[in-house]
Amino acid sequence: MSEQTNIDGINEHDRLSDELESRKNNLQRFIDFGIDPWGGRFQSSHAINDLHTEYGELTKEALEEKNLNVSLAGRLIAIRKHGKAIFGNVLDSTGSIQLFFSNSALAGNNVVEGNSETNQWVLLDLLNLGDWIGVSGTLMKTKTGELTIRVADWKILSKALRPLPEKYHGLQDKELRYRYRYLDLIVNPEVRQVFKARTEVTKVVREILDSHGFMEVETPALHQVAGGAIARPFVTHHNALDIDIFLRISLELYLKRLMIGGFERVYEIGRIFRNEGMDRDHNPEFTMLEAYEAFGNLQTMMELTEEICRKSCEKVRGGTISAFREYELDFGSKFAEKDYADLVEEYSGVDIRGDRNRDNLFKACKNLKLDVEDNATIGQLIDQLFDELAQPNLIQPTFVTNYPIEISPLARQAVGKPGFVQRFELFVAGHEIANAFTELNDPVDQRARFTEQAKMRAAGDDEAHPVDEDFLYALEHGMPPAGGLGIGIDRLVMLVTGAHSIRDVIFFPMMR
RNA sequence: GGGCCGUUAGCUCAGUUUGGUAGAGCAGCUGACUCUUAAUCAGCGGGUCACAGGUUCGAUCCCUGUACGGCCUACCA
């Protein structure tokens, strides 16, 4: 969109469009009449949806008797002209309502001093679909029973120079819907609902955490070491310092620093960035909730996770069942709990409890026809067995516990289970939704884990966790024992809204 | 990364089956109409048929390539 613009600020290429030309003429005519077409403050008496809920059930006669005056502002989304009567519909952020304009009510309203040629009836001709208007009048019902405002006074609040998408089919083209989300929002009511649901979910999350005494905080998005998760970061450069820095791939390590600082319960809902593939479950930037509870553990994190999922579903769906893709997800029952190694054995036949010999694991993966990298590490091989064979079977909410240590460098080791850590992930509909640890607060063990990761990195695993000396320095000052939890907010919203793609729950998803 | 499909008016879509440079509805414009709601009726304007090559007397249509997108798949915690 870098074509040159003319002095009117409208793309030169579009000057040829009749429609644009006509709308600009209407704009100019408002200006010629001395009317500011860009509006200003407008005091609404009601939100549209409130009118429907408060008065929608009243009879025509009851409304006449009430003689209720209302004023509201919104976008004109439909217009039906009938000579000396005009019906229209306005849309505000809560819904839409019908307007009734009549010559008899408006022709006497001179809008410009000393110009009796111009009145609010004549000016209706200058309106186009998409314009913002403010109206006031009485609430009534038409003979077909539709709640309607009999307009006594109206004004233009903003002019739309471009037309809305087609009124019946709306905007269908998915590329246009994602790229021009504002149009999608105007014409597709169900899209508005999805994003309202998204906000409900984050609200529920905040309410729950706040009520448990957690403090919401903000931590840096620019990191010198991209840690706290196993993923490829976006790299950028700080000019003044002349150093490369990374966009964060998780919130974990700064939130832990805050616990070291003495804030015992903290959480952040923040955008994180991973430089990896995009598909219906992945967007390069997405929203993560991370919460840390000093003196908590895996059990308290499970309870928190269940509460967040259950209440999010209830808030959005009005019940604990959600339809997602081909599944009926039940967030009402106690979530299942399964052991990682059991699941791997159940679906692959491979026992990862005993001696984890890399070559044996490699052969086992090959025998199972998994597409493994020749230089895959033990962690990657185990992970692949789980991800490809076990994970797709986890449909109803299931906590998977006791993760292998190789893929969990920030979690405390399991008691009496060498090679495993105190960690769970929650899977729903075959997708990872949450990830939690009893956090590793032993700085000596943490250094050893980072060192192990460094070896994997040297062995070709470019996603292995880097050694973070600054974090180790912090940890050496003492972090309370804690439970920590991460929840992918976008995926949670997908589950409770039934969204097909992550792009349907992100206002402006990544597009080429 | 791979496969399949798509790109025609501002939007939603036909169509060129068999090559002769295109249609509808909505939106816009003109007119009629005071209870319509996908209003209706009469008329008008609007197109680099994604882009670039090729074949051909002639390409929007056939072929090749490119761009962008969708779905699936793979990769990626």
Side-chain angles (χ1 to χ4, degrees), chain A residues 11 13-14 16-26 60 77-89 96-107 121 125 127-130 140-148 150 160-180 183-184 186-188 228-233 249-250 272 274-282 284 286 288 370-373 379-380 382-384 386-388 391 403 407-408 423 425 427 431-435 461-465 486 488 491 500-501 503 511-512:
Chain A
N11 193 303
H13 173 75
D14 288 324
L16 302 174
S17 154
D18 281 357
E19 179 147 359
L20 201 56
E21 210 53 46
S22 154
R23 284 167 179 258
K24 284 183 64 196
N25 285 340
N26 288 344
K60 186 170 162 60
I77 54 164
I79 194 156
R80 298 174 289 281
K81 299 193 175 187
H82 295 265
K84 291 192 166 64
I86 297 176
F87 289 92
N89 292 80
S96 72
I97 192 168
Q98 179 165 261
L99 304 177
F100 177 72
F101 301 91
S102 70
N103 175 274
S104 51
L106 296 170
W121 176 254
D125 258 351
L127 285 181
N128 295 97
L129 293 184
M140 63 165 220
K141 275 197 171 172
T142 60
K143 70 180 186 190
T144 55
E146 178 159 349
L147 198 64
T148 301
R150 189 197 312 274
L161 297 180
R162 294 184 187 278
L164 294 177
E166 206 256 0
K167 69 176 175 185
Y168 184 57
H169 300 91
L171 193 62
Q172 297 292 330
D173 186 299
K174 282 201 176 164
E175 178 181 2
L176 298 180
R177 291 179 56 190
Y178 295 141
R179 223 179 262 285
Y180 306 115
L183 295 176
D184 192 26
I186 293 168
V187 299
N188 294 325
I230 296 176
R232 290 194 189 87
I249 57 172
S250 86
I272 66 176
R274 296 186 182 176
N275 203 345
E276 288 165 359
M278 292 165 58
D279 59 28
R280 66 178 182 169
D281 299 308
H282 298 83
F286 60 102
M288 181 81 103
L370 296 184
D371 186 16
V372 286
E373 302 277 343
Q380 287 172 324
I382 293 176
D383 206 23
Q384 208 162 347
F386 180 82
D387 281 0
E388 296 190 25
Q391 182 176 329
Y403 271 66
I407 54 174
S408 313
R423 172 183 183 182
E425 290 197 346
F427 291 90
H431 287 81
E432 175 194 345
I433 301 303
N435 181 21
D461 181 356
D462 61 351
E463 296 196 327
H465 200 294
R491 290 197 179 162
H500 173 76
S501 161
R503 288 178 156 185
M511 301 289 283
R512 192 187 295 257

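The sequence lines fix the lettering, A, B, ..., with proteins before strands; numbering per chain opens at 1. All values derive from a computational prediction rather than experimental measurement.
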Can you check the [X] [atom1] to [N] [atom2] distance for me, whole Å?
| X | N | atom1 | atom2 | result |
| --- | --- | --- | --- | --- |
| A:Met140 | B:U36 | CE | P | 11 Å |
| A:Tyr168 | B:C26 | OH | C1' | 12 Å |
| A:Gln380 | B:C75 | CD | C1' | 12 Å |
| A:Leu129 | B:U37 | CG | C1' | 13 Å |
| A:Met511 | B:G70 | CE | C1' | 10 Å |
| A:Ile407 | B:C76 | CD1 | C1' | 14 Å |
| A:Arg162 | B:C26 | CZ | P | 23 Å |
| A:Arg491 | B:C76 | CZ | C1' | 11 Å |

Between [options], spot the one nearest the side chain of [X], thanks.
| X | options | answer |
| --- | --- | --- |
| A:Gln384 | B:A38, B:C75, B:G70 | B:C75 |
| A:Arg23 | B:C76, B:C72, B:A27 | B:A27 |
| A:Arg179 | B:C29, B:G69, B:G70 | B:G69 |
| A:Asp18 | B:G45, B:C71, B:U36 | B:G45 |
| A:Arg80 | B:C29, B:U37, B:C71 | B:U37 |

Nucleotide forming a Watson-Crick or wobble pair with [N], both distances under 3.5 Å:
| N | answer |
| --- | --- |
| B:C4 | B:G70 |
| B:G65 | B:C51 |
| B:G19 | none |
| B:C75 | none |
| B:U12 | B:A24 |
| B:C29 | B:G43 |

What I want to check is whether the side chains of A:Glu166 and A:His169 have a donor and an acceptor closer together than 3.5 Å. yes
B:U36 base to A:Thr142 side chain: any donor-acceptor pair below 3.5 Å? yes
Looking at A:Asp279 and B:C75, is any side-chain donor or acceptor paired with a base atom of the opposite kind under 3.5 Å? yes
Give a yes/no on whether any side-chain N or O of [X] is located under 4.0 angstrom from OP1 or OP2 of [N].
| X | N | value |
| --- | --- | --- |
| A:Ser22 | B:C29 | yes |
| A:Lys81 | B:U40 | no |
| A:Arg280 | B:C72 | yes |

How far does the [atom1] atom of [N] sit from the matching atom of [M], given to the nearest Å?
| N | M | atom1 | answer |
| --- | --- | --- | --- |
| B:A24 | B:C63 | P | 28 Å |
| B:G58 | B:C5 | C1' | 30 Å |
| B:A42 | B:C35 | C1' | 23 Å |
| B:C62 | B:G2 | P | 25 Å |
| B:U17 | B:A52 | C1' | 27 Å |
| B:U21 | B:G25 | P | 22 Å |
| B:G28 | B:G10 | P | 15 Å |
| B:G15 | B:G6 | P | 12 Å |

Touch check for [X], heavy atoms < 4.0 angstrom, all strands: base, sugar-phosphate only, or nothing?
| X | value |
| --- | --- |
| A:Glu388 | sugar-phosphate |
| A:Phe427 | nothing |
| A:His465 | nothing |
| A:Ile86 | nothing |
| A:Lys143 | base |

Using 30° and 60° as the class boundaries, would you call the ring planes of A:Phe87 and A:Phe100 parallel, tilted or perpendicular? tilted
Provide the closest heavy-atom pair for [X] versus [Y] in the form atom of the first, atom of the second, distance.
| X | Y | answer |
| --- | --- | --- |
| A:Arg162 | A:Arg23 | O-NH1, 3.4 Å |
| A:Leu171 | A:Asp184 | CD2-N, 4.0 Å |
| A:Arg232 | A:Ile249 | O-CG2, 4.2 Å |

For the CD1 atom of A:Ile230 and the CZ atom of A:Arg274, what is their distance to the nearest 0.5 Å? 9.5 Å
Measuring from A:Phe101:CZ to A:Leu127:CG, what's the distance to the nearest 0.5 Å? 6.5 Å
With nearest nucleotides of RNA chain B determined for A:Asn89 and A:Gly83 from heavy-atom distances, which residue corresponds to the more 5′ nucleotide? A:Gly83
Look only at the side chain of [X] and the backbone of [Y], and say whether a donor-acceptor pair between them is shorter than 3.5 Å.
| X | Y | result |
| --- | --- | --- |
| A:Arg280 | A:His500 | no |
| A:His465 | A:Gly228 | yes |
| A:Thr144 | A:Thr142 | no |

Lys/Arg-Asp/Glu bridge criterion (N-O < 4.0 Å) met for A:Asp125, A:Lys81: yes
Report, as a single string ordered 5' to 3', how protein heavy atoms within less than 4.0 Å touch nucleotides 3-13 of chain B: B base, S sugar-phosphate only, - not at all. -------SBSS
